[in-house]
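Structure record follows, encoded as structure tokens.
So you know, we letter chains A, B, ... as the sequences are listed, proteins then strands, and number each from 1. We use all heavy atoms of the structure for the numbers below, so side chains are in, but hydrogens, waters and symmetry mates are not. Keep in mind that what you see is a predicted model, and the values were worked out from it rather than measured.
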Protein chains: 2
Amino acid sequence: MDKCSVAYTLSILVGKWKPLIILALSQEEILRYGQLKREIDGITHKMLSSQLKELEQAGIIHREEYPQIPPKVEYSLTEKGVAFLDVFNAMKIWGDRYASP
Amino acid sequence: MDKCSVAYTLSILVGKWKPLIILALSQEEILRYGQLKREIDGITHKMLSSQLKELEQAGIIHREEYPQIPPKVEYSLTEKGVAFLDVFNAMKIWGDRYASP
DNA sequence: CGGCATCCCAAGCGATACTG
DNA sequence: CAGTATCGCTTGGGATGCCG
């Protein structure tokens, strides 16, 4: 097994919140900032902002900003992000099978 | 997608070194402590010890101790650990397809 | 040879406040 | 409503040393 591509994938999962953000967006297609914040239990304002920015830079999510007052920003998964769900699916299968006592 | 089983799987991947340990053992079947240390570039004594212990407690790896002087300890993947390679495989597929720029 | 304990720094993260 | 900045705590993990 080649370590490099696995390492790249792991780099996406780094941090306490990124997986939860991706999963939240996988369920709702499109979510506004505030909706995401409510979906993800316990995440702080700062963390959500920074993690969203990192995921956007990684090309996992798309950010759509509407120039209006009050501001409105929508987030959604890119094709790359949707494909990432295969990884979560493998995790889910393994977790279902082996989740601890 | 159920978060719980995914979260359990993610908990296995927590830390800088656990994925590398699992991957190393996936390539060699059985490795002694010192061999693992040499396989995994840059890992410190302390980290290898602690991560091995955690993986053993999680049931991912098997620890076989030979009561002799000098000590000899062999590590290998359990069935649960081998099954975990499916997760890495999904990661590899995604990484190969989408690795950056 | 392999495990465990100690010390210590840096990164990660939370709380809070300010801005457009 | 969404984003940025600052501060300080907590924790992961690196370096080192002792023990069976």
Side-chain angles (χ1 to χ4, degrees), chain A residues 3 7 9-25 28-78, chain B residues 3 7-25 28-77:
Chain A
K3 287 175 193 174
T9 309
L10 281 168
S11 73
I12 303 301
L13 295 170
V14 159
K16 189 171 167 179
W17 300 107
K18 292 209 192 82
L20 297 176
I21 295 173
I22 297 173
L23 285 176
L25 286 171
E28 299 291 335
E29 297 279 317
I30 294 179
L31 284 173
R32 294 183 58 174
Y33 180 91
Q35 293 178 304
L36 265 172
K37 183 138 171 23
R38 264 171 271 122
E39 289 286 323
I40 301 173
D41 197 53
I43 194 169
T44 64
H45 192 36
K46 171 190 169 181
M47 279 297 106
L48 184 54
S49 298
S50 65
Q51 303 303 291
L52 283 171
K53 185 185 273 188
E54 288 184 31
L55 287 170
E56 188 196 358
Q57 283 168 358
I60 308 288
I61 63 177
H62 172 70
R63 179 179 185 278
E64 188 69 35
E65 183 172 358
Y66 298 86
Q68 59 185 46
I69 303 296
K72 172 179 169 183
V73 181
E74 288 180 343
Y75 291 93
S76 56
L77 292 179
T78 61
Chain B
K3 287 176 191 173
Y8 174 67
T9 308
L10 281 168
S11 73
I12 304 300
L13 294 169
V14 157
K16 189 171 166 181
W17 301 106
K18 292 210 193 81
L20 296 176
I21 294 174
I22 297 173
L23 285 175
L25 286 171
E28 300 290 335
E29 298 277 319
I30 294 179
L31 284 173
R32 295 183 58 175
Y33 179 91
Q35 292 178 304
L36 265 172
K37 183 139 171 24
R38 264 171 269 121
E39 289 286 323
I40 301 172
D41 197 52
I43 194 169
T44 64
H45 189 37
K46 172 190 170 181
M47 278 299 105
L48 183 54
S49 299
S50 65
Q51 302 305 289
L52 282 171
K53 184 186 271 187
E54 288 184 31
L55 287 171
E56 188 197 358
Q57 283 169 357
I60 307 289
I61 63 177
H62 173 70
R63 179 178 185 276
E64 188 69 36
E65 182 172 356
Y66 297 87
Q68 58 185 45
I69 303 296
K72 172 178 169 183
V73 182
E74 288 180 343
Y75 292 94
S76 56
L77 292 179

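Annotation: side chain to side chain donor-acceptor pair (under 3.5 Å) contacts of Q35(B) (sequence neighbours excluded): none.
Counting heavy atoms from C-beta on, the side chains of V73(A) and L52(A) never come closer than 4.5 Å. Between E56(A) and H62(A) the shortest side-chain heavy-atom distance does not fall below 4.5 Å. When side chains are defined from C-beta on, L48(A) counts as touching I21(A), because their heavy atoms get closer than 4.5 Å.
To the nearest 0.5 Å, the span separating CD on E65(A) from CZ on R63(A) amounts to 4.5 Å.
For the side chain to side chain contact (heavy atoms under 4.5 Å, CB included) criterion with Y75(B), the lone passing option out of L55(B), L31(B), L36(B), I30(B) is L36(B).
One N or O on the side chain of T78(A) and one on the backbone of G59(A) form a donor-acceptor pair closer than 3.5 Å.
Listed by residue number, the members of residues 59-76 of chain B with any heavy atom below 4.0 angstrom from DNA chain C are R63(B), P70(B), P71(B), V73(B), Y75(B).
Summarising the geometry of K18(B) relative to I12(B), their closest heavy-atom pair is CD-O, 3.3 Å, with the distance given to 0.1 Å. I43(A) and M47(A) make their closest contact through CG1-CB, 3.9 Å (heavy atoms, listed as atom of the first residue, atom of the second, distance). The two residues L10(A) and P19(B) come nearest to each other via the heavy atoms CD1-CB, 3.6 Å.
Listed by first and then second residue, the ring-ring contact (aromatic ring centres under 6.0 Å, His included) pairs involving residues 36-60 of chain A are Y33(A)-H45(A) (not counting sequence neighbours).
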If a protein heavy atom is under 4.0 Å from the base, mark B; if only from the sugar-phosphate, S; if neither, -; do that for nucleotides 6-18 of chain D going 5' to 3'. BB-----BBB-B-
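Between R32(A) atom CZ and dC1(D) atom P the separation is 8 Å, expressed in whole Å.
Rounded to 10 degrees, the angle between the two end axes of the helix from dC1(C)-dG20(D) to dG20(C)-dC1(D) is 30°, with five pairs used at each end.
A nucleotide of DNA chain C counts as in contact with chain A when one of its atoms lies under 4.0 Å from a heavy atom; the first and last such, 5' to 3', are dC13(C) to dG20(C).
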Salt bridge (Lys or Arg N to Asp or Glu O under 4.0 Å) assessment of E39(B) paired with K37(B): CA-CA 6 Å; E39(B) 289 286 323; K37(B) 183 139 171 24; over 6 Å; no
